[in-house]
Participant: 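The structure is given below, and queries will be raised subsequently.
Positions are given from 1, in the same order as the sequence printed here.
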Amino acid sequence: MTAAEPAPAGTAAEVMSALAEEADADDALFLQRFFKTGPGQYGEGDVFIGVRVPRTRVIAKRFAGLELAQIRLLLDSGVHEHRLAGLIILNRLFEVANRPARGVSMVATATAAVDGLADFYLDAVRRGCVNNWDLVDASAEFVLGEYLWQRPRDLLFELASSGDLWQRRVAVLSSFAFIKHGDASTTLALAERLLGDPEDLMHKAVGWMLREVGKRVDRSELLAFLDANAAAMPRTMLSYATEHLTTEERAEYRRRR
């Protein structure tokens, strides 16, 4: 283990205790409203203790080498900030494990570690632990997206076909990693498949990723997608996707609806 790698440290109970010390009742009420935790809303039943994301990240950094069994306890918690801290720690473990290794034995060890962390994350997604938009957005590209960057991506289309909103969002947000590597193909294919998604949170996610295709990969690829699909795109998706186009271009694509 190098000095840059997380050292095994702490327990889930210690992370929870550290978060509790930062908890604020007024922030908890605000966050429960902001993340729509009321009856029938997308975050129904989620519990917040009132720790803002920057403080959660500071605490997670202190426990950067937490063992997977302890991270699982965080992800299984009913408290939102516990799950977010667990995902932030998992991101860091994956980043370290996914670094290029030298030597046959080191490569084999690193590959096994990366596979295990990706499987761990996917299991958490399927068990419903990654169950709000901020949790998805803070983790999908950094673990599953980077894992699949040079691997077959069929899994994302499987997730995109799920009846679970969060699994579909994981599919789309995972493709952000590919966009950052200069590859828009999977994002565009997923976007076309999800044009008819009923959820506004998916319209926002797909539109956001399409916008990033235009910004980071190739503006012409975004325009080609819009030329082919603008008429069928939900209003929110189209609005997000065209956010950085000219006023005239945005108006033209809106007219096509």
Side-chain angles (χ1 to χ4, degrees), residues 2 4-6 57 64 87-102 106-125 130 133-162 166-195 197 201-229 237 240-245:
T2 69
E5 296 175 352
R57 290 190 177 278
L87 290 169
I88 292 169
I89 296 167
L90 182 64
N91 288 349
R92 177 60 176 159
L93 291 177
F94 186 87
E95 178 188 2
V96 171
N98 200 38
R99 290 172 180 165
R102 297 180 180 178
M106 291 183 66
V107 169
T109 300
T111 299
V114 166
D115 288 348
L117 291 167
D119 287 345
F120 181 89
Y121 177 74
L122 185 59
D123 177 67
V125 170
V130 188
W133 60 263
D134 65 316
L135 302 179
V136 173
D137 299 2
S139 62
E141 64 167 294
F142 303 108
V143 181
L144 200 57
E146 286 297 335
Y147 179 72
L148 295 176
W149 160 234
Q150 294 183 314
R151 293 176 172 84
R153 302 172 187 176
D154 296 355
L155 172 61
L156 297 187
F157 293 90
E158 176 188 329
L159 293 172
S161 298
S162 171
W166 307 120
Q167 292 189 35
R168 299 199 305 277
R169 191 169 175 110
V170 165
V172 174
L173 264 295
S174 292
S175 78
F176 202 178
F178 312 151
I179 293 172
K180 291 178 178 179
H181 285 291
D183 178 4
S185 60
T186 299
T187 303
L188 296 173
L190 288 168
E192 187 171 14
R193 177 171 294 197
L194 291 164
L195 287 175
D197 197 285
L201 280 174
M202 288 303 300
H203 302 167
K204 292 176 179 178
V206 173
W208 172 22
M209 290 301 99
L210 288 171
R211 182 186 72 206
E212 295 300 321
V213 167
K215 288 172 58 180
R216 295 171 182 263
V217 182
D218 190 333
R219 188 173 184 273
S220 66
E221 291 198 53
L222 169 61
L223 295 179
F225 183 91
L226 294 172
D227 288 341
N229 297 290
M237 186 187 298
Y240 272 58
T242 59
E243 184 177 349
H244 292 285
L245 301 184

Participant: Would you name the heavy atoms of Val136 and Tyr121 that are closest together and state the gap between them?
Facilitator: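 Result for this residue pair: O-OH, 4.5 Å.
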
Participant: Evaluate Leu93 against Phe120 for side chain to side chain contact (heavy atoms under 4.5 Å, CB included), listing each step before the verdict.
Facilitator: CA-CA 12 Å; Leu93 291 177; Phe120 181 89; over 6 Å; no

Participant: I need the minimum non-hydrogen distance between Arg169 and Leu201, along with the two atoms involved.
Facilitator: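 Heavy atoms only, the tightest pair is NH1-O, 2.7 Å.
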
Participant: Could you tell me if the side chain of Leu159 sits less than 4.5 Å from the side chain of Leu144, heavy atoms only?
Facilitator: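 Leu144 vs Leu159: side chains touch.
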
Participant: How close do Glu212 and Ile179 get, counting heavy atoms only, and between which atoms?
Facilitator: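 Between these two residues, the closest heavy atoms are O-CG2, 3.8 Å.
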
Participant: Distance check, rounded to the nearest 0.5 Å: Glu95 atom CD versus Glu146 atom CD?
Facilitator: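 Going from the CD atom of Glu95 to the CD atom of Glu146 covers 9.0 Å.
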
Participant: Could you check Asp183 against Arg153 for side chain to side chain contact (heavy atoms under 4.5 Å, CB included), going step by step and ending with a plain yes or no?
Facilitator: CA-CA 13 Å; Asp183 178 4; Arg153 302 172 187 176; 2.9 Å; yes

Participant: Which residues pass the side-chain hydrogen bond (donor to acceptor under 3.5 Å, both in side chains) test with Asp218, not counting sequence neighbours?
Facilitator: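 Expected list: Ser220.
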
Participant: For a 4.5 angstrom cut-off between non-hydrogen side-chain atoms, does Asn98 reach Tyr147?
Facilitator: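 Side-chain contact under 4.5 Å: no.
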
Participant: Given side chains that start at C-beta, do those of Phe142 and Phe94 come closer than 4.5 Å, heavy atoms only?
Facilitator: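 They are not in side-chain contact.
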
Participant: Check this for me, if you would: do Lys204 and Asp137 make a salt bridge, where the nitrogen-to-carboxylate-oxygen distance has to be below 4.0 angstrom?
Facilitator: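 The answer is no: the pair does not qualify as a salt bridge.
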
Participant: For Val217 versus Ala184, what's the shortest heavy-atom pair and its separation?
Facilitator: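 Smallest interatomic distance, heavy atoms only, reads CG1-CB, 4.0 Å.
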
Participant: For residues Val143 and Leu87, determine if any side-chain heavy atom of one lies less than 4.5 Å from a side-chain heavy atom of the other.
Facilitator: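 No, too far: nothing below the 4.5 Å cut-off.
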
Participant: Please enumerate all residues that pass side-chain hydrogen bond (donor to acceptor under 3.5 Å, both in side chains) together with Asn229, with sequence neighbours excluded.
Facilitator: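 With neighbours one apart ignored, the set is empty.
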
Participant: Does atom CZ (Arg216) have a neighbourhood of more than 12 heavy atoms from anything else shown, all under 6.0 Å?
Facilitator: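 Yes, the 6.0 Å shell around CZ holds more than 12 heavy atoms from other groups.
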
Participant: How close do Asp197 and His203 get, counting heavy atoms only, and between which atoms?
Facilitator: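 That closest heavy-atom pairing would be O-NE2, 2.5 Å.
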
Participant: Given side chains that start at C-beta, do those of Glu192 and Phe225 come closer than 4.5 Å, heavy atoms only?
Facilitator: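 The answer is yes; the side chains approach within 4.5 Å.
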
Participant: Answer whether the closest heavy-atom distance between the side chains of Leu222 and Lys215 falls below 4.5 Å.
Facilitator: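 When only atoms from C-beta onward are counted, Lys215 and Leu222 do not touch, as no gap falls below 4.5 Å.
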
Participant: Parallel, tilted or perpendicular: which fits the ring planes of Trp149 and His181, with parallel below 30° and perpendicular above 60°?
Facilitator: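 Parallel, since the angle between the ring planes stays under 30°.
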
Participant: Please report the C-alpha distance between Leu148 and Ser174 in whole Å, then the side-chain angles of each, then the deciding distance to 0.1 Å, and finally whether the side chain to side chain contact (heavy atoms under 4.5 Å, CB included) criterion is met.
Facilitator: CA-CA 9 Å; Leu148 295 176; Ser174 292; 5.7 Å; no

Participant: Any heavy-atom pair between the side chains of Trp133 and Leu173 that's under 4.5 Å?
Facilitator: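 They are not in side-chain contact.
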
Participant: Rounded at 0.5 Å granularity, tell me how far CZ in Arg193 sits from CG in Leu195.
Facilitator: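 Rounded to the nearest 0.5 Å, the CZ-CG separation comes to 11.5 Å.
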
Participant: Any heavy-atom pair between the side chains of Leu155 and Leu122 that's under 4.5 Å?
Facilitator: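 Leu122 vs Leu155: side chains touch.
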
Participant: Locate the shortest heavy-atom distance separating Leu194 from Ala160; write the atom from each residue and the value.
Facilitator: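 Smallest interatomic distance, heavy atoms only, reads CD2-O, 3.7 Å.
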
Participant: Could you walk me through whether Tyr240 and Val206 pass the side chain to side chain contact (heavy atoms under 4.5 Å, CB included) check?
Facilitator: CA-CA 8 Å; Tyr240 272 58; Val206 173; over 6 Å; no

Participant: Could you tell me the separation between the CD atom of Glu243 and the CZ atom of Arg211, rounded to the nearest 0.5 Å?
Facilitator: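 Here the interatomic distance stands at 4.5 Å.
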
